[in-house]
Amino acid sequence: MIDLRLLREDPDRVRASQRARGEDVALVDSLLSADERRRASGTRFDELRSEQKRLGKLIPKAQGDEKAELLRRTGELSAAVKAADAEQHEAAEEAQRLLLELGNIVHPDAPIGGEEDFVVLEQHGTPRDFAAEGFTPRDHLELGELLGAIDTERGAKVSGSRFYYLTGIGALLELALVNAAIAQATAAGFTPMLTPNLVKPAAMAGTGYLGQVEDDVYHLDKDDLYLVGTSEVPLAAYHMDEIIDASRLPLRYAGFSSCYRREAGSYGKDTRGIFRVHQFDKVEMFVFTTPEEAEAEHQRLLAWEKQWLSSLELPFQVIELASGDLGASASRKFDCEAWVPTQGKYRELTSTSNTLEFQARRLGVRMRDTDGTRPLATLNGTLCAVTRTIVAILENHQLPDGSVRVPEVLRPYLGGREVLEPVASPTAAFSTNAK
RNA sequence: GGAGGCGUCGCCUAGUCCGGUCUAUGGCGCCGCACUGCUAAUGCGGUUUGGGCUUUACCGUCCAUCGAGGGUUCAAAUCCCUCCGCCUCCGCCA
C-alpha cells in the first residue's frame, strides 16, 4: 500500500499512476472521501471517550445525588461512545479495503503502456546459428526425453497437464543449478533460506498476490492456507510486524522453494514441455533495505541475475516492463529473457522488482533509524527458476547428436561431467546393473 | 486429535484471585545531559506502537494499544466467550 499522506497531498500523482497501470482512477477519490470519514469519526470518538473517562474517574469518590447524576451521564456517554466506535471502525475498514486495492506508484522511468510496450535495455551473448552449424535444433522436451531427464507424460498421468517428472540426469541438473545458484548468492552475502510453501492469507495479501492475480494462486480451503507462487512471499512475510534497526540493513535472503501456479487464463500457451508448469523450484533473492537505497539495490539485483545467466553461457536480453504489466506491488520491474532457439525468441527467465514501501506497509515491516520508525523498502529478484533454466540450457547448449554441453559453472555440481548424453532409458545410467 | 499451563510497552518482570489512585511496577539494555585527564562509576532525564488535532518539523495535547477479536459494566491488563501462538503430557505419524 502507499502512504495515505501522499494520497492526501498529491492525489494527482496517484491518479496518474493508476492511469498508467490501466487501473481504476476513481478509486483515488473514493479513498480520499473514505479517509476523510475515517478521520472525522475518529475525532468524534476520541472526544466522547475522553469525556467518558474524565467523568468515570469521579464516580468512585461521588456520593448520593451527585453519583446518580454521574452514572446517568456516563450511561448516556457509554452508548454514544459505542456508536462512535462502531462508525470509526466501519470507516477505517472501508478506507483500508480501498487502500489495499490501490497499486504501487509507478516509477517515473517505467515506460507507459501494456505488455507489448516493454523496452529492451541490453543484449548479452549471441544466439547460435544452427543453420551454419549444419543441424536443426531439437526443442527442450525432445532433448529432455533423449537424455532421460524430463518425463511429462507420466507427470500428466499422475498429476495432470503442466506437471512433469525430472528424472535421472534431469534431477541431478536441477540440484546442480540450485547448488550453483545458492553458491553465487552466498558469495554475494545472501543468507540462504528454506521457507514454508504454505502461508496464511496475511502473508499472501501482504505481498500483493491476492488482488488481480488471485486466480493464479492455489488455496487450500480446508485450512485457509495458500500454496506460494514464489518464496518471495514467505521471505517478505518473514519480518512481518517487526521493526528492524537500520544498522542491520540491508538484509539479503536467498530463498529456495517450490512455486505453485494455477496458470489460469494461459490455456493453450506454452503447452509443450516444462516452460510453463504448475509447480517448479526456484532460488529467489529478497532484500529489505532503506527506501533511499532501493533504487541502487534494484540495479544490484539485476546485476546478480545477469552474472548468473552469463555464467550459464546463455544469450539473453534485459527488458524493462511497461506500467501496465507491473503487477500490483512493483513500481519498476526488469526481466532477463533468455534466447530459446526453437521458438526463435527471448523468453522470461528471471524478473526483479522494486516494490519500495508497498509490501512493507502491508506487512507492517518497518525500520528504525535516527529519523524514527518508518517503513522500509523491499525488493525481489529471481536467481534461478529451475524449469525455464533447464529449457534454456538444453536448447542453447545442445549438440548435433542430442547431447548437451554442461556450462563450466555447473560441472563441479555434476561430478565433473562436461556433456550430458542420450540414454536408453531414464534409469539406465543409474541402475546398478549398468555397464 | 485430547488434557493442562502460559502470553504485560526491546529483554526480564510486578499487577490479574478481590474491576476504579494502572497516567501499567521494577531491573537490564539503549539514548541524552551533568560530573570526570580518558574509561569506568555515579546522578538526573528519556525510552511501546499506531491514529487525530495543532501548518506536514519542533513543542504540546487527545485517543487507542497489556497475543487478536467480541461481550459484561458508568468503568476491563483484571470478569466472560471465541480465536491465534508457545510450552508440558497423552494419542497418531513422515
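To find a chain, count down the sequence lines: A is the first, B the second, and so on, and within it residues start at 1. Computed from heavy atoms alone, side chains included, the values below leave out hydrogens, waters and symmetry copies.
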Check ion pair [X]-[Y] (N to O, under 4.0 angstrom):
X	Y	result
A:Asp46	A:Arg49	no
A:Asp29	A:Arg15	yes
A:Arg73	A:Glu76	no

Just to confirm, is there a sub-4.0 Å distance from OP1 or OP2 of [N] to any side-chain nitrogen or oxygen of [X]?
X	N	value
A:His89	B:G51	no
A:Arg38	B:G52	yes
A:Gln52	B:A75	yes

Handout entry: Ring-face cation contact, A:Phe275 with A:Arg388, 6.0 Å cut, 45° max
Key = yes
Mind checking [X] for me? I need base, sugar-phosphate or nothing, with any heavy atom below 4.0 Å counting as a touch.
X	value
A:Arg44	nothing
A:Arg8	sugar-phosphate
A:Arg5	nothing

Just the table, please: protein N/O against nucleotides 18-20 of chain B N/O, every pair under 3.5 Å.
unit_1, atom_1, unit_2, atom_2, d
B:G20, N2, A:Gly56, O, 3.1

Of all the nucleotides listed ([options]), which has the minimum atom distance to the side chain of [X]?
X	options	value
A:Thr373	B:U72, B:U49, B:G51	B:U49
A:Ile243	B:U49, B:C74, B:C63	B:U49
A:Arg49	B:A64, B:A75, B:U49	B:A64
A:Arg366	B:U72, B:C74, B:U49	B:U49

Need the pair for [N]. Rule: Watson-Crick or G-U wobble, both distances under 3.5 Å, any strand; none if unpaired.
N	answer
B:U42	B:A34
B:G7	B:C84
B:G19	none

Practice task
Would you mind telling me which residue lines up with the more 5' stretch of RNA chain B, A:Arg39 or A:Glu9, judged by nearest nucleotide?
Solution key: A:Arg39
Exercise for the section: Return the 5'-most residue of the pair A:Ser78, A:Lys53 with respect to RNA chain B, ranking by each residue's nearest nucleotide. Expected result: A:Lys53
Fill in the blank from the handout: Protein-proximity profile, nucleotides 78-86 of chain B, B/S/- by nucleotide at the 4.0 Å heavy-atom cutoff, equals ---------
